[in-house]
Amino acid sequence: MERAGGEAEPGFTHVLADNGDGDVPPALRLQILTTEHWSLLSTRSLSWNEAFSRASMFLSVLTGAVVALALVAQVTSFEEGFVTFALLILPVVLFVGVATFMRLVAINHEDVGWVVGMNLLRRAYLSAAPELAPYFITGSSDDEKGIMTTMGARPGPGSFAHELVTTPGVIAVVDAVVAGAIGGIVILRVGMSELIAIGLAVVISIVTLALHLIHQYRGAVLPRGRRSPQFPGEPAED
């Protein structure tokens, strides 16, 4: 495996070749690489299971809070008791939502590390058998393009829009609605008109969503473009 012009690709040339002393045969090298690959796959699977569990837990808390508010509303006819109950339960829901969102962003950041590791292993496979390159549909480099290819997304500015449809993005929207509802209730409680309360609630929701997305971009999207790849681009063929 060499680069164009005869320069050998550093790091992965002769990955599976015998080093001459017979200490580590090629079969054992391949077994080590595949074992690490399956380890990364298992770790990534555990991360996603945690992400889905966290999201489900938050949505369950939200559902229970909405049902409880509906029951209280029937009893109190949306009077003072309902407002007090809402201001007690909705902040708890918002706290769970924000904590869930932040953990999901951290999981996505960790997931990038697992993807980078698997891409490097594919790089090693292709360095040993470059003729198999047409059969790999995932990335084999640790730059942003390779990472996003493995994740099934596009690199560049468009990745920010992609974050809106991810699990953290959906939770961010729900958090924004809950924050707006809390703000609207508080504004109504201090005696302002419904029109002002609705307008300020919308503003609070937009600001909350913006803060969530900025945190998500800085925590999960931006690091992909800032990291210095060791092996950018696809491996060259012989």
Check whether [X] and [Y] end up in the same hydrophobic cluster, where Ile, Leu, Val, Met, Phe, Trp and Tyr are linked by side-chain heavy atoms less than 4.5 Å apart.
X      : Y      : value
Phe82  : Val186 : yes
Ile196 : Val83  : no
Phe85  : Val66  : yes
Val173 : Met102 : no
Val177 : Val174 : no

Side-chain contact, heavy-atom cut-off 4.5 Å: [X] with [Y]?
X      : Y      : value
Val105 : Arg218 : no
Thr166 : Gln216 : yes
Arg29  : Leu33  : no

Residues that, via side-chain heavy atoms closer than 4.5 angstrom, fall in one hydrophobic cluster with [X]:
X      : value
Val170 : none
Leu71  : Val67
Leu195 : none

Checklist entry - Can any side-chain N or O of Arg122 pair as donor or acceptor with the backbone N or O of Gly139 at less than 3.5 Å? => result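 Yes; at least one donor-acceptor contact below 3.5 Å.
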
Checklist entry - Does any N or O in the side chain of Asp142 come within less than 3.5 Å of the main-chain N or O of Gln230, such that one atom is a donor and the other an acceptor? => result yes

Checklist entry - How long is the gap from OG1 on Thr84 to CD on Glu79, to the nearest 0.5 Å? => result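 Reported to 0.5 Å precision, the distance equals 11.5 Å.
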
Checklist entry - Got a second to check how far Thr34's OG1 is from Leu121's CG, nearest 0.5 Å? => result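 Rounded to the nearest 0.5 Å, the OG1-CG separation comes to 9.0 Å.
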
Next on the checklist: Does anything in residues 190-215 form a salt bridge (Lys or Arg N to Asp or Glu O under 4.0 Å)? List the pairs, not counting sequence neighbours.
Outcome noted: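 Of all non-adjacent pairs touching residues 190-215, none passes salt bridge (Lys or Arg N to Asp or Glu O under 4.0 Å).
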
Checklist entry - Got a sec, which pairs hit side chain to side chain donor-acceptor pair (under 3.5 Å) with one end in residues 92-104, sequence neighbours left out? => result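 Listed once each, the pairs are Glu50-Arg103, Arg103-Glu110.
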
Item to check | Full working for side chain to side chain contact (heavy atoms under 4.5 Å, CB included) between Ile147 and Glu144 | outcome: CA-CA 5 Å; Ile147 294 171; Glu144 184 180 8; 5.6 Å; no

Search all heavy atoms of [X] against all heavy atoms of [Y] and return the closest pair with its distance.
X      : Y      : result
Val112 : Met151 : CG2-CE, 3.6 Å
Met118 : Leu41  : SD-CD2, 3.4 Å
Leu104 : Pro168 : CB-CG, 3.6 Å
Asp143 : Ser141 : OD1-OG, 2.7 Å

With sequence neighbours excluded, tell me which residues meet ring pair (Phe, Tyr, Trp, His ring centres under 6.0 Å) with [X].
X      : result
Phe58  : none
Phe136 : none
Trp48  : Phe52

Next on the checklist: With a 6.0 Å cut-off (strictly less than), is the heavy-atom count around CE of Met57, excluding the residue itself, greater than 12?
Outcome noted: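 More than 12 within 6.0 Å, yes.
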
Checklist entry - Who passes side-chain hydrogen bond (donor to acceptor under 3.5 Å, both in side chains) against Glu80, sequence neighbours left out? => result Arg189

Item to check | With sequence neighbours excluded, residues passing side-chain hydrogen bond (donor to acceptor under 3.5 Å, both in side chains) with Thr150 | outcome: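 Here the qualifying residues are Asn119.
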
Show every donor-acceptor pair shorter than 3.5 Å between a side-chain atom in residues 86-97 and any protein atom, with sequence neighbours excluded, or say none if there are none.
none

Just list the side-chain donor-acceptor pairs under 3.5 Å for residues 204-213, sequence neighbours left out, or say none.
unit_1 : atom_1 : unit_2 : atom_2 : d
Ser205 : OG     : Ala176 : O      : 2.9
Ser205 : OG     : Ala201 : O      : 3.0
Thr208 : OG1    : Ile204 : O      : 2.7
His212 : ND1    : Thr208 : O      : 2.8
His212 : NE2    : Asp175 : OD2    : 3.1

Checklist entry - When you look at Ser42 and Leu46, which way does the side chain to side chain contact (heavy atoms under 4.5 Å, CB included) test go after all the steps? => result CA-CA 6 Å; Ser42 300; Leu46 290 174; 5.5 Å; no

